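Before any comments, here is the structure.
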Amino acid sequence: MSHEIDMSELAECPNCACFNLRKAARAVTQLYDNMLRPTRLRATQFSLLVATSLFGPISVTRLAEMGVIDRTTLTRNFKPLEKRGLIEVMSGKDRRTRVVSLTGRGREALRKALPLWRKAQSRVVKELGQERWNSLQSHLKEVVSLASKS
């Protein structure tokens, strides 16, 4: 049994969909994080506040499904937001259900962050061009859909 790796088999790995999507996501996340820095919110936290504001009170399970994120990871991401008083996580009607709500402080943080988010968003759309941006959004939705089928 050989422990050698056939290098020709590795040649296609740099084109890996997962690697390249994650690399793009990290680069875009860094851009948004830098823009949002004055608010002490990360891009991921901003997104959670937006979703909670738009759909809340919302169950952790539903929010995890919407964001295609593991419930445990989502719960861990809530901790700093709870600590800052931006969200509340409470028991739902069923004790097993956890429900997330935006607080007044959370709405204020979102209000302050929105213009900075808009600046980052405008930069991405402007650099790509509206047509390419629309196409990218469409393709990303397709990727999420195909990956969710597994």
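Everything quoted here is computed from the prediction, not taken from an experiment.
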Are side-chain heavy atoms of [X] and [Y] found at a separation under 4.5 Å?
{"X": "Asp6", "Y": "Leu10", "value": "no"}
{"X": "Leu81", "Y": "Val89", "value": "no"}
{"X": "Thr39", "Y": "Leu36", "value": "yes"}
{"X": "Thr61", "Y": "Thr97", "value": "no"}
{"X": "Arg84", "Y": "Pro80", "value": "no"}
{"X": "Thr73", "Y": "Phe78", "value": "no"}

### Task
Start with the C-alpha distance between Leu140 and Leu136, add both sets of side-chain angles, then the distance that settles side-chain contact (heavy atoms from CB on, under 4.5 Å), and finish with yes or no.
CA-CA 6 Å; Leu140 289 173; Leu136 177 60; 3.8 Å; yes

Just wondering, are more than 12 heavy atoms of other shown residues or ligands nearer than 6.0 Å to [atom1] in [X]?
{"X": "Arg96", "atom1": "CZ", "value": "no"}
{"X": "Gln130", "atom1": "CD", "value": "yes"}
{"X": "Met7", "atom1": "CE", "value": "no"}

Short side-chain to backbone donor-acceptor contact, [X] and [Y], under 3.5 Å:
{"X": "Gln45", "Y": "Arg42", "answer": "yes"}
{"X": "Asn20", "Y": "Pro14", "answer": "yes"}
{"X": "Ser135", "Y": "Glu131", "answer": "no"}
{"X": "Thr29", "Y": "Ala25", "answer": "yes"}
{"X": "Thr103", "Y": "Gly85", "answer": "yes"}
{"X": "Thr52", "Y": "Leu48", "answer": "yes"}
{"X": "Asp33", "Y": "Ala43", "answer": "yes"}
{"X": "Ser53", "Y": "Leu49", "answer": "no"}

#### Entry: Verdict with supporting geometry, Gln30 and Asn34, side chain to side chain donor-acceptor pair (under 3.5 Å)
CA-CA 6 Å; Gln30 288 172 7; Asn34 287 337; over 6 Å; no

Out of curiosity, [X] [atom1] to [Y] [atom2], how far, rounded to the nearest 0.5 Å?
{"X": "Arg71", "Y": "Glu65", "atom1": "CZ", "atom2": "CD", "value": "9.5 Å"}
{"X": "Asn77", "Y": "Glu82", "atom1": "CG", "atom2": "CD", "value": "11.5 Å"}
{"X": "Lys112", "Y": "Arg40", "atom1": "NZ", "atom2": "CZ", "value": "10.5 Å"}
{"X": "Ile58", "Y": "Ile87", "atom1": "CD1", "atom2": "CD1", "value": "12.0 Å"}
{"X": "Ser47", "Y": "Met66", "atom1": "OG", "atom2": "CE", "value": "11.0 Å"}

### Task
Considering non-hydrogen atoms only, spot the tightest contact between Ala109 and Leu41 and give its length.
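That would be O-CD1, 4.3 Å.
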
### Query
Closest heavy-atom contact between Pro57 and Val99?
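Here Pro57 and Val99 meet closest at CB-CG1, 3.5 Å.
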
### Query
Given Glu142 and Ser138, is the side-chain contact (heavy atoms from CB on, under 4.5 Å) satisfied, shown in steps?
CA-CA 6 Å; Glu142 290 174 29; Ser138 176; 3.7 Å; yes

### Query
Any side-chain donor-acceptor pair under 3.5 Å between Arg98 and Ser59?
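Note: Arg98 and Ser59 side chains miss the donor-acceptor criterion.
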
Throw together a table of side-chain donor-acceptor distances under 3.5 angstrom for residues 115-127, partners on residues two or more places apart or in other chains.
unit_1, atom_1, unit_2, atom_2, d
Gln121, OE1, Tyr32, OH, 2.4
Ser122, OG, Arg118, O, 2.9

### Message
Grouping I, L, V, M, F, W and Y whenever their side-chain heavy atoms are under 4.5 Å apart, do Phe19 and Val144 come out in a common cluster?
### Response
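Phe19 and Val144: separate clusters.
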
### Message
Could you see if Leu114 belongs to whatever hydrophobic cluster contains Leu54? Use Ile, Leu, Val, Met, Phe, Trp, Tyr and a side-chain cutoff under 4.5 Å.
### Response
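In one cluster with Leu114: Leu54, yes.
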
### Task
Under the salt bridge (Lys or Arg N to Asp or Glu O under 4.0 Å) rule, collect the residues that match up with Arg111, sequence neighbours excluded.
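In terms of salt bridge (Lys or Arg N to Asp or Glu O under 4.0 Å), with neighbours along the sequence ignored, Arg111 is linked to Glu108.
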
